[in-house]
Structures are given as C-alpha cells and as structure tokens.
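Chain A is the first sequence line, chain B the second, and so forth, proteins listed ahead of strands; every chain is numbered from 1. Since the structure is predicted, the reported quantities are computational estimates derived from the model, not experimental observations.
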Amino acid sequence: MERKVRVRFAPSPTGPLHMGGVRTALFNYLFAKKHGGDFLLRIEDTDQNRFVPGAEAYIIESLKWCGLVPDEGVGFGGDFGPYRQSERKPMYKRYADSLIDNGFAYYAFDTAEELDELRKEAEARKQVFSYDLHTRNGLKNSLSLSPEEVQERLQSGQSYVIRFKMPENREIVEEDLIRGRVSFNTNQLDDKVLFKSDGMPTYHLANVVDDHLMLITHVIRGEEWLPSMPLHILLYESLGISENRPRFSHLPLILKPEGKGKLSKRDGDKMGFPVFPLLWKDPETGEFSRGYREDGYFPEAFVNMLALLGWSPGTEQEFFSIGELIGLFDLSRVVKSGARFDPEKAKWFNRHYLQQKSPDELAVLFLPILNEKGINPDLQQLQLIVGSIKERCEFVKDLWDQGHYFFQAPESYDEKTIQKKWKPDTNEKLEAISELFETIGDWDAANIKEVFSVFMAEKEWGFGVVMVPIRLALVGSSSGPDLFEICGLLGREETVGRIRKAIKVIQ
RNA sequence: GGCCCGUUCGUCUAGGGGUUAGGACGCCAGGUUUUCAUCCUGGUAGCAGCGGUUCGAAUCCGCUACGGGCUACCA
C-alpha cells in the first residue's frame, strides 16, 4: 500500500525565519498538497544555548502570513505530538541505547576542552582533527577503554556523549529526488555525536527518530544537509527502521544578490531589502530587522517570487496562485544550482499583484495610512483617487507618494519646473483659466477638458505652456495622472484656489 | 586542506545530441501619455575553459577553473 505523503518543515527557534527557510517550507507545503499529503511543523529546539524567545511564535506567524498552514505541528495539533523536540526528550535515549547495545555507537568521555585542544594542534600542523576511525582508538571512549573503566566512569556520573561508530569503507549511494545519484564513502566521514552530555539528542538523532515516528515520507531540506545524508541513512539502517525511511531531496541555497556566499541578514541591511518575512525585534539587542510584510509586500507576491527562486514549471508563465503552484509543483523540476536573489524582481512581482487589486480593495488598505496622518477621506472619493493613481504604484504606501496632493495642497513647487515652464505671461494666462473654470457647468474630467480645449483654441494658446504650470499649481511637481482627472477629483473650489495661490507665490 | 554538490544573457530560468539557444527581471531605444509613471513595440546580452565520444555537443564523458555547502556536545 502506498503510504500517505507526509513532509515536515523543521526549523530551529534560534532567531527569525530566513526567507530561504520560508522557501523550504513552501516547497514542502506544495509537495504535500500536490500529493494530497500532510505538511507538519516540527520545532527542533535541542540546542538550549541557542534558543531565542519569540522565535517559535515568529515562525508560526510567518507561515500563516504566507498561507502555508501546517496540518499538524506546534500550534496546530495532530496525533504525532509533541512536535517540539525538547518535549520529546525521553524518547531519544532509548534509540541511542539501542545503538550502543548493537555496537553501532559508543560512549565518549573526551571533554570539549580536550577536543578543542586536539583541533588546535591539528590546525598548527595545517591539518584538521576528525573524530573518526583513525583517531577514535586513541581517545577516551568505550571502544578504547576497558569495559571496567567504562562502567566505572558511567557509574561515577562522569559526563559523556554518544557517538556514532562510522563503519569502515562503505559506499553510501542515494537517489536524491532533486540531484539524482549522490554517493559518499564512509571512510571520509567522522563519528558524529548523537547524544549530548546534557541529555539532549543532536539534530542527527532527533531528526531521524522523529521522521520515523511521525511517518515522514519525504525529507525536503536545504543543501547544507547534503553532507549529513549518509549519516542519516546509516542511522535508519542501524536503528532497524530503514524499511519505510523517507526519500531525500536537497534544495539549492539562496545566494547574495552580489558578491560571494549565501544570502544573509547583512545583505538586506546593506542593499535595502528584507531578508525575513516579518519584522523582527531582537530580544537581546533590541535591534530591528525589516520584514516583507511590513515593507508592504503582499504574501501572494512574496510566495510567487520565492516559488520561482530555484524552481520552474518549464513554461513561460510567471504568475501563479498558490493553487496553481500546488498543481504544477514537481521536485524533479527544482534547479540544482544556487540562486542569487534579485530584490528588483521581488518588487516587480508586488507591482503585479497590486495592479490586480481593485480600487476598493486598495482604498481599504490605504485608509489606515491616511488615518495615521489625520486624514479621513470619504471612502467613495478615495476609491476614485486610488483608481487614478494605482497604476503608478508598486506598494500600497506608494499611493501616498503618488497621491498626497489630493489630500494636502502643495506647500512648495518644484524649482526646476518653475525655471523651465513658468514664463512671464504664465500668471496672466492662469488667471484667465481660473475665471474660465469658475464658469464650467459640469465639473467632471471630460467636461473640463472639453471646455478647456475650446477655450485654448479660441485664445490660440499652446497646451504646453499652461498644462505644466497648472499641474505645478495643483500637484507641486510635474508628474501625476491626467490633469483634468486631477481637477475633477479635487473639485472646482480647490482647483481654482490652488491655481490662484500659485499665481501669488510664484514669481 | 578534505569530502560533497553545482556552472546557459548582469540576474531568475527554458532547453537533456541536429533550435535563428526561448521567456522574465534589469538596462537601452521608439511609440502612447501635450507631463511623469504605467502600458505597448523593439533592442542589448549567455551555453566557464580545454580535451574526448559522435556525421553532428549547450546537451554525453574526462580534466581544469570557478562558485556553493559541510567539515561543533549548532541546526
């Protein structure tokens, strides 16, 4: 019988979730939903030293914002809990003991200081110390020490770790669902710690045990885990649980927009883009890191952008709803090489999703920004304004930059435009136009344009010489939507008032 | 250093023995907008290098170079 697909996203609560982590969650989610399976959230908090308060809640909120809601996990219930590894602590020792009993693992009594010393010595000789089949017999462990001494140390409560005894000269070959055949020789691998002296398992043990217990069918994780895949495979084998063990897929990393290495928080700070989904306040330093949500990105845009970073459906389609992504997603189409992140393209995606929204929707999103400035516009009027300026915007907050003059008369006028377009007779012409405007019957864009055109034709004035000055009077600069539309939206009184004010102020 | 993974326009990618090597972002130009932005049209630009296999290689193989990851009682 085919097992139900079950995948997990398993972050550590050591800080805010990185956008690379969000992408890993996304690909897991897409894969699960594509196959009618389950998507779980497991919190891997086995390192008490690196625990950061608030990080877990941040992870959960980030997933929710992106619409990647787990079927099971911390905060979401489920039958395979607890889903926080710290709460599963008692389970792991049993597995570690079984490994010892069957000769696949051993106790090691070397202190962290002793090992540190060995590493330093090796470094001095331009070598790298490795706890492995070549060195383990010369170190303090249950392989090198007599059984009596091991018993004695154990009984006296001396602290120890449990290490995996890496077998000699075995070829571990695995078919990675993204990379294809990957192989390792165990002679190159070291004896990893599985169980720490504080009684907690390391990632390797906890990960394998939990994936087994939670019936995980596919492990989809970042490429940084590829080197430990043979260890994990051997662990399943040694634990006698390899029959239904998961298949592996290793995702390419997200790289810096420029320069070397993977994308880091620093890059965002330096180049002015968020690296995290949500705003984060470091509980220790109080330092803030910007988030996509607070920067004004729509979750659909963020998810769409992330989906295409390292994956492509093979068509020329660029915009996808989450439903389309689920339908199209395929691990074999994930790219193998690392992807440089392009903040410009992220903005482009947001522009697209903003343009897709109706003026009503945008007006609702814009309203809080206006309220904060003490402006309480009529909602219907606001929708009209938004409709005329939205195509110039990438973010909701751009609506203010593009349309502030609808709510506040300009305080100053663009100096360059004055120099270029404000001629000696401009004031005179604008006064004539003000008088004209006062006589117009229906004050709407089409009619204003009509009457204005007739007037201009009669006077034989060129449009260019008055259009820009009027715009300057109304807006303060030389950009914006159609001038008559602005006049219509502003209303007759405001329009004429602003023109007359400009006549007074300029020249 | 060792091990593993990778390499198509500046960037994200399609293409997996015979293609004018396709699309998107960016950039540039033209058109529209009597402004600016949008929008439309066009353009720019790429198979890392060298060997091999083959009638034929971006595509398969090898080497080199370059990039990335791992090499903790971190995940």
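As the counterpart of A37(B), no nucleotide is assigned, since no Watson-Crick or G-U wobble pattern has both distances under 3.5 Å. Base pairing analysis places C70(B) opposite G2(B); the two distances defining the Watson-Crick or G-U wobble pair are each below 3.5 Å. If you check U19(B) for Watson-Crick or wobble pairing at under 3.5 angstrom, you find it has no partner at all. Of all nucleotides present, none satisfies the Watson-Crick or G-U wobble test against A57(B) with each distance under 3.5 Å.
The minimum heavy-atom distance between Leu99(A) and Leu194(A), with the atom names listed, is CD2-CD1, 3.8 Å.
Taking atom CZ of residue Phe273(A) and atom P of nucleotide U11(B), one finds them 15 Å apart after rounding to whole Å. Separating the CZ atom of Phe320(A) from the P atom of A24(B) is a distance of 13 Å, rounded to the nearest angstrom. Note: CH2 (Trp311(A)) to P (A24(B)) measures 18 Å, nearest angstrom. The CE-C1' distance, from Met271(A) to U11(B), rounds to 11 Å in whole Å.
Within residues 407-421 of chain A, no residue has any heavy atom under 4.0 Å from RNA chain B.
Counting only residues at least two apart or in different chains, ring pair (Phe, Tyr, Trp, His ring centres under 6.0 Å) contacts with residues 301-322 of chain A comprise Trp65(A)-Phe302(A), Tyr292(A)-Phe302(A), Trp311(A)-Phe329(A), Phe319(A)-Trp348(A), Phe319(A)-Phe349(A), Phe319(A)-His352(A).
Using cut-offs of 30° and 60° on the angle between ring planes, the pair His232(A) and His204(A) is tilted.
Paired with Pro70(A) under the rule side-chain contact (heavy atoms from CB on, under 4.5 Å), one option of Ile60(A), Leu40(A), Leu63(A), Asn28(A) passes, and it is Leu63(A). Evaluated for a side-chain contact (heavy atoms from CB on, under 4.5 Å) with Phe109(A), the options Leu139(A), Val161(A), Val150(A) yield exactly one hit, Val150(A).
Interface remark: the Lys192(A) side chain does not form any donor-acceptor pair with the A72(B) base, using a distance-only criterion of under 3.5 Å. Taking 3.5 Å as the limit, the base of U35(B) and the side chain of Arg471(A) contain a donor-acceptor pair of atoms between them.
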N/O-N/O pairs, protein side and nucleotides 4-8 of chain B side, under 3.5 Å:
from	atom 1	to	atom 2	distance (Å)
C5(B)	O2'	Arg179(A)	NH1	2.3
C5(B)	O2'	Glu223(A)	OE2	3.4

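Nucleic acid contact for Val161(A): base, since at least one base atom lies under 4.0 Å from a heavy atom of the residue.
Aromatic pair Trp400(A)/Phe366(A): centroids not less than 6.0 angstrom apart.
Atom CD of Glu450(A) has 12 or fewer neighbouring heavy atoms from other residues, nucleotides or ligands inside a 6.0 Å radius.
With RNA chain B read from its 5' end, the first of the two nearest nucleotides for Arg351(A) and Phe484(A) is the one closest to Phe484(A).
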Gln85(A)/Asp45(A) under side-chain hydrogen bond (donor to acceptor under 3.5 Å, both in side chains): CA gap, chis, key distance, verdict: CA-CA 6 Å; Gln85(A) 286 182 331; Asp45(A) 54 348; over 6 Å; no

